[in-house]
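Every chain is numbered from 1, with letters handed out A, B, ... down the list of sequences.
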Protein chains: 2
Amino acid sequence: MALVLFLLQWLEAHFIVFNYRLDFFIGSIAIVFTVLGIWLALKLVKPKVETRIIEKEIYIESTPPTAINQTEIANLGISKRELDVLQLMATGLSNEEIAEQLFISLNTVKTHSSNIFLKLEVKRRTQAVEKAKRLNIIN
Amino acid sequence: MALVLFLLQWLEAHFIVFNYRLDFFIGSIAIVFTVLGIWLALKLVKPKVETRIIEKEIYIESTPPTAINQTEIANLGISKRELDVLQLMATGLSNEEIAEQLFISLNTVKTHSSNIFLKLEVKRRTQAVEKAKRLNIIN
DNA sequence: AGCAAAATCACCCGAAAGTATGAAGACAAA
DNA sequence: TTTGTCTTCATACTTTCGGGTGATTTTGCT
């Protein structure tokens, strides 16, 4: 602002020189301040950012020698007992049968399977088994 | 530009009125064109494009080229439609969702799955999927 | 055309699965 | 010791599955 005021003073002081060329003078003012405006805008306004999201498809071959993916299990936060249930689930056993196998109650199996579904982000046991096999959580 | 020139003409035509207030006049010009500059900058500057690449993992069924066992399907007497249901069942869909996929009613899906269980000699859908995959009826 | 298998759908009912919530003991880590 | 996770179990409720039965329509084949 101080700079601008000084500039105005200077321009006025030299006005007589340019008096016979008022058009040119005003045009200069206009151009100078247009440039100033542009500069201000560019300098002070946050740059527009247009985010363009590109999904890059990465094909992952599930390891042929079907090694159980311990990392994935840890990532998903699946506990030992939940893994037990998941394993039996994959063989097609009912919750009741799983309970008998593991010597725990039906309710406990239900709790475990609910937690499994949450962690695997699925809705049904069939999906859980499908995803678990795909991720090599079970074999 | 034409607009700007016209504006200048108009301003000059009214110059006498503002003559005794040159400071004010110049200041006005300055402000107007500063604003014009700002507007131009905001309007014309291309937004920065920020490209964000998101890696989307796609898992590939790396199961060896196990050919689907048509003989087994025939032996078990599984029909085309039943195979359709079985296939969708293996992806973890509910009967309701299968019905939507195949444009048939829920009851029909139930009938098909019941028949599948009979022919595969299993009690549950999870077992059906497990056995079907084992027999290479589906992939 | 006529028959048989396949496909479609409906209704009922019980079983199984799944959700929500709460709670208590075990055990390891902070 | 406290904190947090895991495991266990329960109760109540909703949803989905599966079995049984019967019926109509389509379709393929002779």
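When rounded to the nearest whole Å, the span between CG of B/Asn115 and P of D/dG20 equals 12 Å. Between the CG atom of A/Asn107 and the C1' atom of D/dT8 there is a distance of 10 Å, rounded to whole Å. One interatomic measurement links the two molecules: CD1 of A/Ile98 to C1' of D/dT8, which rounds to 16 Å at whole-angstrom precision. What separates CG of B/Leu120 from P of D/dG18 is a distance of 12 Å, to the nearest Å. The interatomic distance linking A/Phe117 (CZ) with D/dT14 (P) rounds to 20 Å, in whole Å. In this structure, CZ of B/Arg81 is placed 19 Å from P of D/dT25, rounded to the nearest angstrom. For the pair B/His112 NE2 and D/dC17 P, the computed distance is 15 Å after rounding to whole Å. For A/Leu102 and D/dC6, the CG to P distance is 17 Å, given to the nearest whole Å.
Phosphate proximity of D/dT8 to A/Thr111: absent, as no side-chain N or O sits under 4.0 Å from OP1 or OP2. Close to D/dT16, at under 4.0 Å from its OP1 or OP2, lies no side-chain N or O of B/Asn95. For B/Arg125, a side-chain nitrogen or oxygen approaches OP1 or OP2 of D/dG18 to under 4.0 Å. Neither OP1 nor OP2 of D/dG20 sits under 4.0 Å from any side-chain N or O of B/Ser114.
Backbone-only contact: B/Ser94 has heavy atoms under 4.0 Å from sugar-phosphate atoms and none from a base. Using a 4.0 Å heavy-atom cutoff across all strands shown, B/Ser105 reaches sugar-phosphate atoms only and no base atom.
Residue whose closest nucleotide on DNA chain C sits further toward the 5' end, between A/Thr126 and B/Ile104: B/Ile104.
For B/Ser113 and D/dC17, a side-chain-to-base donor-acceptor distance below 3.5 Å is absent, hydrogens and geometry of angles not being considered.
We find that A/Glu130 and A/Arg124 are not joined by a salt bridge, their nearest charged nitrogen and carboxylate oxygen being 4.0 Å or further apart.
The shortest non-hydrogen separation linking B/Leu93 to B/Arg125 is O-NH1, 3.0 Å. Closest of all the heavy-atom pairs between B/Gln87 and B/Ile138 is NE2-CG2, 3.9 Å.
Note that the first and last nucleotides of DNA chain C, 5' to 3', having any atom under 4.0 angstrom from a heavy atom of chain B are C/dA7 to C/dA17.
Looking only at side-chain heavy atoms (C-beta outward), B/Val85 and B/Thr108 stay at 4.5 Å or farther from each other. Between A/Asn95 and A/Lys110, some side-chain heavy-atom pair lies under the 4.5 Å cut-off. Residues A/Leu135 and A/Asn69 are not in side-chain contact: their nearest non-hydrogen atoms beyond the backbone lie 4.5 Å or more apart. At a threshold of 4.5 Å between non-hydrogen side-chain atoms, the residues A/Ile78 and A/Leu120 count as touching.
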